[in-house]
Amino acid sequence: MASGTLHIDLGAIAANWRALDAASGPGTQTGAVVKADAYGLGAGTVARALADAGARRFFVAQAEEGVAVRKALGAGPQISVFSGHMDGDTPLIAEHDLTPMLNSVDQLSRHLEALPDQPFGIQLDTGMNRLGMERAEWAAVAEIALSRKPVLLMSHLACADEPDHPANARQLAEFHALTDGTNVPRSLSATGGILLGPDYHFDLTRPGVGLYGGLPFENALEAVRLSLPVVQTRTVEPGEGVGYGCSWVAERTSLVATVSGGYADGLHRALSNKIDLWAGDVPCPVVGRVSMDLITVDVTDLPEVPPALDVLGPHQGVDAVAEAAGTIGYEILTSLGPRYARRYAGGRG
Ligand SMILES: *Cc1c(COP(=O)(O)O)cnc(C)c1O
């Protein structure tokens, strides 16, 4: 089989959830964000593992994702939808008991007309200018909305991964101004906001990337190992080039392994000649361009070439690969493609 194997450690994900839960006080509930197929790791399986760890409130970006999570979890846990109540969502919300986070007066009207008895939350914009009602809009509808008993008032921080950024305090103050005295449960923080401290915790937090081993949660356990099978090896003589554009030229007689996996699998072309693949504890440099399905690796110094080399693992996490690719761990995780076999350990699977 040429497909790579993505080993997903559900025990590490559960431990990361518990650690982020412990980072806030007993008055703060910890939710779990499983949008984008749980950041590429498999929403159903991951959500079940997090429910086993104690999570009761899940967040997705779109109603369709909520349906998949509901099917995995069954009745009980609350599943909230960040994009709110979109045109066409009504049957999904009703049949699968989803909780839309309403973002505008239009969404509020749509929801109250279509599903007056279905729980909802309100998303407020406190300065990110992406989702949610702004101050004036909220002022116009707050009385009506609050009379219908929303289950949550939430907002999202734009700069929480930069603790000293002045936008954090500004957004916190705006969130207080918009929600103090409402007596409705409140949520402001994702992974980064949890790490900003108790002022940012309110009643519920919404960690995502930290569960999956990514920054800004520096103490996260790595949750993924990605192994790519070696398709063939060859000897390359000094002066010979490897891969498209011959961007790497051998300076010594080299043994080059071609492994299965490439930019179509989320291993960005920008990683060409930049990272190592690992044979256990031994780094082997990527040589030449990453192509759509294949990567070439200098394995000259290995005593023996193993059947597969790791691109993600204990020596090189998603953020290290992200930095080499000029992006963030979130994008590496959510780009991990459908061709990998996903193998789960440490949970019900
Ligand atoms: C994605 C997202 C989260 C989770 O953010 P992380 O940085 O991955 O913890 C929380 N809330 C909202 C509104 C989001 O869009």
Aromatic centroids of Tyr263 and His268 separated by under 6.0 Å: no
Pair Arg186 + Asp180, salt bridge at N-O below 4.0 Å: yes
Beyond-backbone contact of Leu188 with Met154, side-chain heavy atoms, under 4.5 angstrom: no
Pairwise side-chain contact, Gln123 with Leu102, heavy-atom cut-off 4.5 Å (strictly under): no
Lys/Arg-Asp/Glu bridge criterion (N-O < 4.0 Å) met for Asp37, Arg342: no
Side chain to side chain, Leu152 and Pro185, heavy atoms closer than 4.5 Å: yes
Plane angle bin for His111 and His85 - parallel if under 30°, tilted between 30 and 60°, otherwise perpendicular: perpendicular
Any donor-acceptor N/O pair, Ser155 side chain to Leu124 backbone, under 3.5 Å: yes
Any donor-acceptor N/O pair, Glu323 side chain to Asp319 backbone, under 3.5 Å: no
Salt-bridge present (Asp9, Arg343; N to O < 4.0 Å): no
Candidate pair Thr126 and Gln171, rule side chain to side chain donor-acceptor pair (under 3.5 Å), full reasoning: CA-CA 5 Å; Thr126 52; Gln171 287 196 260; 2.9 Å; yes
Ring centre gap for Phe175 and Phe202 strictly below 6.0 Å: yes
Between Ser104 and Asp106, a side-chain donor and acceptor under 3.5 Å: no
Within 6.0 Å of CD in Gln232, more than 12 heavy atoms from elsewhere: yes
pair Trp278-Val311: side-chain heavy atoms closer than 4.5 Å: no
Short N-O contact, Arg110 and Asp89, less than 4.0 angstrom: no
Please report, to 0.1 Å, the donor-acceptor pairs under 3.5 Å made by any side chain of residues 14-24, with sequence neighbours excluded.
from  : atom 1 : to     : atom 2 : distance (Å)
Asn16 : OD1    : Leu221 : N      : 2.8
Asn16 : ND2    : Ala12  : O      : 3.3
Asn16 : ND2    : Leu211 : O      : 3.1
Asn16 : ND2    : Leu221 : O      : 3.0
Trp17 : NE1    : Gly31  : O      : 3.0
Asp21 : OD1    : Thr30  : OG1    : 2.6
Ser24 : OG     : Asp21  : O      : 3.3

Asn168 vs Leu196, side-chain contact (heavy atoms from CB on, under 4.5 Å): CA-CA, chis, key distance, verdict: CA-CA 9 Å; Asn168 294 320; Leu196 293 179; 3.9 Å; yes
Residue pair Glu143 / Leu146, side-chain heavy-atom distance below 4.5 Å: no
Donor-acceptor contact present, side-chain Gln62 to main-chain Ser83, <3.5 Å: no
From CA spacing to verdict: side-chain contact (heavy atoms from CB on, under 4.5 Å), Ile79, Thr99: CA-CA 6 Å; Ile79 300 171; Thr99 307; over 6 Å; no
Stepwise salt bridge (Lys or Arg N to Asp or Glu O under 4.0 Å) check, Asp117 with Arg148: CA-CA 9 Å; Asp117 298 321; Arg148 307 297 286 261; over 6 Å; no
Heavy atoms from other residues, nucleotides or ligands near CD of Glu237 exceed 12 (cutoff 6.0 Å): yes
Distance, nearest 0.5 Å, that separates CD1 of Ile275 from CG of Leu312: 8.0 Å
Any donor-acceptor N/O pair, Thr233 side chain to Ala257 backbone, under 3.5 Å: no
Which atom of Ser80 lies closest to which atom of Met101, heavy atoms considered: OG-CE, 3.5 Å
Closest non-hydrogen atom pair, Arg70 against His96: NE-O, 2.8 Å
Arg135 with Glu174: basic N within carboxylate O range, under 4.0 Å: yes
Under 3.5 Å: donor-acceptor pair, side chain of Thr45, backbone of Gly42: no
Under 3.5 Å: donor-acceptor pair, side chain of His201, backbone of Ile194: yes
Non-hydrogen atoms of Thr191 and Gly210 that approach each other most closely: OG1-N, 3.2 Å
Inter-residue atom distance Asp265.CG - Ile295.CD1, 0.5 Å rounding: 8.0 Å
